[in-house]
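Here is the structure we will look at, set down as structure tokens.
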Amino acid sequence: MKKLESREDIEHLVNSFYAKVVKDEVIGFFFNDVAKVNWDSHLPKMYSFWESILFGQMSYKGNPMGVHFPVNEIQAMEQHHFDRWLNLWKTTVEENFVGENADLAIYKSENIAKLMAFKMDLARRL
């Protein structure tokens, strides 16, 4: 197994993850039908997002929380959706990488999933 240590590794991880997501019966519809994601623009943003989180490159420009609120208004993003997202992410990391950055990618994703689930639930209640 390889260590997660470059932009190319992140691109591989993100591409492998989203290949699972688009086919997933639990969360795939958010990307395919609700948000109708433009993958040509979304994937590079995700590369930069994870590069910023894992390597401190600060290449990501955006508001990840803000992008999800409109989707949540159309279709509720609930705890089980974030649990599934997290499961797919962790599995993809563990299938491809080992080491400190792989562990950090999982740790950070757990925090992201918790915060996103909380904020999406809160937004639906307000």
Side-chain angles (χ1 to χ4, degrees):
M1 291 277 265
K2 183 179 183 337
K3 288 187 176 182
L4 178 57
E5 53 194 2
S6 68
R7 169 79 177 212
E8 292 77 23
D9 292 339
I10 288 173
E11 290 179 13
H12 175 75
L13 173 59
V14 168
N15 290 340
S16 299
F17 169 69
Y18 281 110
K20 293 176 185 178
V21 166
V22 297
K23 298 177 198 169
D24 191 76
E25 293 180 9
V26 177
I27 62 171
F29 76 97
F30 280 108
F31 298 85
N32 300 320
D33 304 324
V34 180
K36 297 182 174 131
V37 170
N38 175 338
W39 295 105
D40 291 336
S41 64
H42 184 69
L43 291 174
K45 287 179 190 173
M46 294 299 92
Y47 306 151
S48 293
F49 177 79
W50 285 104
E51 184 178 45
S52 295
I53 286 180
L54 297 176
F55 305 144
Q57 293 297 317
M58 304 312 291
S59 59
Y60 176 74
K61 307 285 186 246
N63 178 352
M65 198 65 67
V67 175
H68 289 82
F69 285 123
V71 174
N72 190 49
E73 289 178 14
I74 297 168
Q75 176 67 50
M77 299 173 79
E78 299 175 334
Q79 183 65 53
H80 73 278
H81 297 123
F82 290 100
D83 291 344
R84 182 62 181 160
W85 175 87
L86 184 58
N87 178 268
L88 290 172
W89 178 258
K90 288 168 73 171
T91 300
T92 307
V93 171
E94 291 169 349
E95 287 172 349
N96 291 279
F97 298 101
V98 294
E100 186 176 320
N101 286 331
D103 294 342
L104 184 61
I106 290 171
Y107 174 75
K108 293 287 190 173
S109 69
E110 291 168 341
N111 290 328
I112 290 166
K114 286 177 191 171
L115 181 61
M116 291 282 269
F118 172 77
K119 291 210 173 193
M120 295 304 120
D121 181 61
L122 185 61
R124 287 192 307 276
R125 294 173 190 262
L126 298 177

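Residues satisfying the salt bridge (charged side-chain N to carboxylate O under 4.0 Å, His left out) test with Glu94, not counting sequence neighbours, are none. Listed by chain and number, the residues in a side chain to side chain donor-acceptor pair (under 3.5 Å) with Gln75 amount to none (sequence neighbours excluded). Evaluation of the salt bridge (charged side-chain N to carboxylate O under 4.0 Å, His left out) rule for Asp83 yields no partner, not counting sequence neighbours. Taking the side-chain contact (heavy atoms from CB on, under 4.5 Å) definition, one finds that Asp33 meets it with Phe29, sequence neighbours left out. Phe55 is linked by a ring-ring contact (aromatic ring centres under 6.0 Å, His included) to nothing, counting only residues two or more places apart in sequence or in another chain. Every residue two or more places apart in sequence or in another chain that forms a side-chain contact (heavy atoms from CB on, under 4.5 Å) with Asp9 is listed here: Lys2, Leu4, Glu5, Ser6, Phe97. In this structure Lys20 satisfies the side-chain contact (heavy atoms from CB on, under 4.5 Å) test together with Leu88, Thr91, Thr92, Glu95, sequence neighbours excluded.
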Under 3.5 Å, which donor-acceptor pairs do the side chains of residues 61-68 form with other protein atoms, sequence neighbours left out?
| from | atom 1 | to | atom 2 | distance (Å) |
| --- | --- | --- | --- | --- |
| Lys61 | NZ | Met58 | O | 3.2 |
| Asn63 | OD1 | Met65 | N | 3.2 |
| Asn63 | OD1 | Gly66 | N | 2.9 |
| His68 | ND1 | Pro64 | O | 2.5 |

N/O donor-acceptor pairs under 3.5 Å from side chains in residues 39-47, not counting sequence neighbours:
| from | atom 1 | to | atom 2 | distance (Å) |
| --- | --- | --- | --- | --- |
| Ser41 | OG | Asn38 | O | 3.2 |
| His42 | NE2 | Tyr18 | OH | 3.3 |
| Tyr47 | OH | Asn15 | OD1 | 2.6 |
| Tyr47 | OH | Asn15 | ND2 | 3.3 |

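Leu126 forms part of a hydrophobic cluster together with Phe118, Leu122, judged by ILVMFWY side-chain heavy-atom separations under 4.5 Å.
Among residue pairs with one or both ends in residues 106-120, those qualifying as side-chain hydrogen bond (donor to acceptor under 3.5 Å, both in side chains) are Lys90-Glu110; sequence neighbours excluded. Applying the salt bridge (charged side-chain N to carboxylate O under 4.0 Å, His left out) test to residues at least two apart or on different chains, none of the pairs has a partner in residues 66-78.
Between Phe30 and Trp85 there is no side-chain heavy-atom pair separated by less than 4.5 Å. In this structure, Phe31 and Lys36 have side chains that are not in contact, with every pair of non-hydrogen atoms separated by 4.5 Å or more. When side chains are defined from C-beta on, Glu51 does not count as touching Tyr60, because their heavy atoms never get closer than 4.5 Å. Within the 4.5 Å cutoff, the side chain of Arg84 has heavy atoms near those of the Asn87 side chain.
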